[in-house]
Amino acid sequence: MSNTDVIKRMYAAKGDIKVLRDVISPDAEWDITLGFPHGGVYNGLDTIISDFFSFFGDFDEFWAEGDEFWEVDDHVIALGRYQGKAKATGERFTSRFVHIYTLRENKITRLQQTNDTVQISRALGKS
């Protein structure tokens, strides 16, 4: 399985915790853009799942779609879109992202995310 395949598997899982635990390393770091729901830096798989991925509760639907992928050594860069529907407002949104992943032995060890947070904030009724 290529590193890009690992990332595509994570996106296809749409937040399935079993898949997330399978593809993310126990010592991973998640660096999420401030302004994104639960933005900040998270260290360790359990913290990423409990403290970051809990943002799914703010949405009736939320998923990431990768449009383009570049794989170089142990890094994958993904350009794509978040799509979803906010629970509080019922608003649908599409928001572009760039994800830069580092992988080791088919496990994600680091994510650095950059995102157009305005669309998500509007859907959540925060701007």
Side-chain angles (χ1 to χ4, degrees):
M1 176 178 288
S2 74
N3 286 335
T4 299
D5 290 336
V6 172
I7 303 308
K8 288 179 177 180
R9 181 175 177 221
M10 184 178 71
Y11 291 160
K14 296 185 177 178
D16 181 314
I17 298 298
K18 183 179 182 305
V19 174
L20 295 175
R21 288 193 175 281
D22 196 39
V23 300
I24 300 171
S25 176
D27 63 346
E29 177 183 276
W30 241 231
D31 185 350
I32 305 301
T33 301
L34 295 177
F36 188 87
H38 299 214
V41 177
Y42 298 88
N43 291 293
L45 176 58
D46 291 334
T47 301
I48 292 166
I49 288 174
S50 66
D51 295 351
F52 172 66
F53 280 116
S54 63
F55 84 85
F56 280 115
D58 294 334
F59 300 92
D60 288 328
E61 300 172 13
F62 189 96
W63 68 93
E65 290 184 23
D67 296 319
E68 298 180 56
F69 299 88
W70 292 273
E71 184 171 336
V72 179
D73 300 325
D74 60 352
H75 297 284
V76 174
I77 299 168
L79 299 181
R81 297 164 281 125
Y82 293 121
Q83 296 194 61
K85 180 180 172 187
K87 192 174 281 184
T89 65
E91 297 259 342
R92 294 196 164 278
F93 63 88
T94 298
S95 176
R96 296 184 326 167
F97 68 73
V98 176
H99 290 161
I100 303 169
Y101 293 97
T102 304
L103 294 92
R104 181 181 63 241
E105 298 173 5
N106 285 331
K107 295 274 192 178
I108 301 166
T109 60
R110 184 166 192 265
L111 162 64
Q112 182 176 358
Q113 177 237 41
T114 299
N115 172 241
D116 174 9
T117 61
V118 171
Q119 302 306 321
I120 297 172
S121 292
R122 285 183 182 153
L124 291 170
K126 295 184 178 182
S127 68

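- Under the 3.5 Å distance criterion, the side-chain polar atoms of Thr102 are left unmatched by any main-chain donor or acceptor of Thr109.
- Between Ile48 and Ile24, the shortest heavy-atom distance links the atoms CD1-CG2, 4.5 Å.
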Could you go through the salt bridge (Lys or Arg N to Asp or Glu O under 4.0 Å) check for Asp46 and Arg21 one step at a time? CA-CA 9 Å; Asp46 291 334; Arg21 288 193 175 281; 3.0 Å; yes
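- Among all heavy-atom pairs drawn from Gln119 and Ser95, the shortest one is CB-CB, 4.1 Å.
- For the side-chain contact (heavy atoms from CB on, under 4.5 Å) with Tyr101, the lone residue among Met10, His75, Arg110, Gln112 that qualifies is Met10.
- Between Phe56 and Phe53, the two ring planes are parallel [angle under 30°; tilted spans 30° to 60°].
- Taking every heavy atom of both residues into account, Thr94 and Gln83 meet most closely at OG1-OE1, 3.7 Å.
- Side-chain contact, Trp63 with Glu61: no donor N or O sits under 3.5 Å from an acceptor N or O.
- Just one of Arg81, Lys14, Lys8, Arg96 meets the salt bridge (Lys or Arg N to Asp or Glu O under 4.0 Å) condition when paired with Glu65; it is Arg81.
- Salt-bridge formation is detected for the pair Arg104/Asp27: a Lys NZ or Arg NE/NH1/NH2 atom is positioned less than 4.0 Å from an Asp or Glu carboxylate oxygen.
- Note: His99 and Phe97 have parallel aromatic rings, judged against thresholds of 30 and 60 degrees for the angle between ring planes.
- If you check the side chains of Asn115 and Thr117, you find no donor sitting under 3.5 Å from an acceptor.
- Aromatic ring centroids of Tyr82 and Phe93 lie 6.0 Å or more apart.
- Other residues, nucleotides and ligands contribute more than 12 heavy atoms inside 6.0 Å of the CG atom of Asp67.
- Put simply, CD1 on Ile77 and OG1 on Thr4 are 10.0 Å apart, with the number rounded to the nearest 0.5 Å.
- With hydrogens and angles disregarded, no donor-acceptor distance shorter than 3.5 Å links the side chain of Lys87 to the backbone of Leu124.
- Nearest heavy atom pair, residue Tyr11 against residue Gly66, reads CD1-N, 3.7 Å.
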